[in-house]
Amino acid sequence: QVQLVESGGGSVQSGGSLRLSCAASGSYYCMGWFRQAPGKEREAVARIYSNSGDTFYADSVKGRFTISQDNAKNTGYLQMNNLKPEDTAMYFCTVSVRGLYSCHPENVGTMDWGQGTQVTVSS
C-alpha cells in the first residue's frame, strides 16, 4: 500500500489560491484528487497519469485548477486558482497502483487514499 501525505489546505477568500501537495511513498499509474462536501456527492476533481502526463478535470474546475506531478519525487500538486465558495470541501489525494483500470473514478475502491485536507473558501 502506498502511503500518501497531503498538505496545503486552508482557508481563503473568494478569488484566492491554494496549492495542494500529495507526497506518495512509491510510484503509481496515476494520481487524482477527489473532494467531498456536506450535502454533496463525492466529486472527482482531477487526475494525472504518471507516464503520459494526460490530465482530466471536472467541468466545475476547468480553467481554474491545474494538476501536475514530479515523478522523481512521487509527488503531485493541485494548483487551485480563483477559488469559489462552492470549492469548499475536504480534498483527498488518491493514487492507483494496481493498473490503469484503477485510475477510472468508478474504481475508487481500488485506489489508495490520503487522509484528506480541508479547503474552505469564504465569500
Side-chain angles (χ1 to χ4, degrees):
Q1 184 177 13
V2 173
Q3 305 299 127
L4 304 176
V5 179
E6 297 150 301
S7 61
S11 298
V12 298
Q13 292 188 335
S14 294
S17 298
L18 288 171
R19 190 179 76 156
L20 306 184
S21 298
C22 180
S25 64
S27 60
Y28 41 82
Y29 286 91
C30 60
M31 175 178 286
W33 292 88
F34 289 77
R35 65 185 181 187
Q36 178 69 67
K40 297 181 181 179
E41 292 188 0
R42 182 176 58 200
E43 181 180 24
V45 175
R47 67 182 183 273
I48 184 167
Y49 289 82
S50 179
N51 287 342
S52 69
D54 288 348
T55 58
F56 295 86
Y57 298 95
D59 288 342
S60 57
V61 306
K62 285 181 179 177
R64 300 187 298 118
F65 290 12
T66 303
I67 190 169
S68 61
Q69 64 187 346
D70 183 341
N71 287 336
K73 298 172 63 176
N74 292 322
T75 300
Y77 307 93
L78 185 68
Q79 179 67 46
M80 305 185 295
N81 296 327
N82 192 24
L83 284 162
K84 304 175 180 180
E86 50 263 44
D87 295 317
T88 296
M90 184 73 74
Y91 284 71
F92 296 91
C93 178
T94 67
V95 294
S96 297
V97 301
R98 304 186 188 188
L100 289 172
Y101 78 95
S102 181
C103 296
H104 197 281
E106 71 181 11
N107 294 322
V108 294
T110 67
M111 301 174 184
D112 294 332
W113 289 68
Q115 80 287 348
T117 184
Q118 178 68 36
V119 172
T120 301
V121 185
S122 62
S123 60

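Quantities reported herein were computed from a predicted structural model and do not represent experimental measurements. Every heavy atom of this structure was used, including side-chain atoms; hydrogens, water molecules and symmetry mates were not.
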Discussion item. For L83 and F65: C-alpha separation, side-chain torsions, deciding distance, then whether side chain to side chain contact (heavy atoms under 4.5 Å, CB included) applies.
Written reply: CA-CA 9 Å; L83 284 162; F65 290 12; 3.8 Å; yes

Compile the donor-acceptor pairs under 3.5 Å between side chains in residues 88-101 and protein atoms, sequence neighbours left out, one pair per line.
unit_1	atom_1	unit_2	atom_2	d
T88	OG1	P85	O	2.9
T88	OG1	V121	N	2.9
T88	OG1	V121	O	3.3
Y91	OH	R35	NH1	2.8
Y91	OH	D87	O	2.7
T94	OG1	G32	O	3.4
S96	OG	S102	O	2.9
S96	OG	S102	OG	3.2
R98	NE	T110	O	3.4

Practice prompt. Determine whether the side chains of S27 and N74 contain a donor N or O and an acceptor N or O closer than 3.5 Å.
Written response: no

Worksheet item: Are Y57 and T66 side-chain neighbours, meaning at least one heavy-atom pair lies under 4.5 Å?
Response: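 Yes - at least one pair of side-chain heavy atoms lies under 4.5 Å apart.
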
Practice prompt. Please examine the side chains of Y49 and C30, heavy atoms only from C-beta on, and report whether any two atoms are closer than 4.5 Å.
Written response: yes

Item to complete: Output, in order, the C-alpha distance, side-chain angles, deciding distance and verdict of side chain to side chain contact (heavy atoms under 4.5 Å, CB included) for M111 and Y28.
Response: CA-CA 10 Å; M111 301 174 184; Y28 41 82; over 6 Å; no

Worksheet entry | Interatomic spacing from CG in L18 to OG in S11 - rounded to 0.5 Å |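 It comes to 8.5 Å.
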
Worksheet item: Distance from R64 atom CZ to N82 atom CG, nearest 0.5 Å?
Response: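 Interatomic distance, R64 CZ to N82 CG, rounded to 0.5 Å: 6.0 Å.
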
What's the shortest heavy-atom distance between [X] and [Y], and which atoms?
| X | Y | answer |
| --- | --- | --- |
| K73 | T75 | O-OG1, 2.9 Å |
| S60 | E43 | OG-OE2, 2.7 Å |
| Q115 | V5 | OE1-CA, 4.3 Å |

Worksheet item: Around atom CD of Q13, are there more than 12 heavy atoms of other residues, nucleotides or ligands at under 6.0 Å?
Response: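 12 or below, so no.
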
Worksheet item: Out of S50, C22, S68, which residue meets the side-chain contact (heavy atoms from CB on, under 4.5 Å) rule with M31?
Response: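 Single pass found, and it is C22.
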
Worksheet entry | ILVMFWY cluster, F34 and L78 together (side-chain gap under 4.5 Å) | no

Fill in: Joint hydrophobic cluster, L4 plus I48, side-chain heavy atoms closer than 4.5 Å
yes

Worksheet item: Should V108 and R42 be marked as a side chain to side chain contact (heavy atoms under 4.5 Å, CB included) after you check the CA-CA gap, both sets of side-chain angles, and the distance that decides it?
Response: CA-CA 11 Å; V108 294; R42 182 176 58 200; 3.3 Å; yes

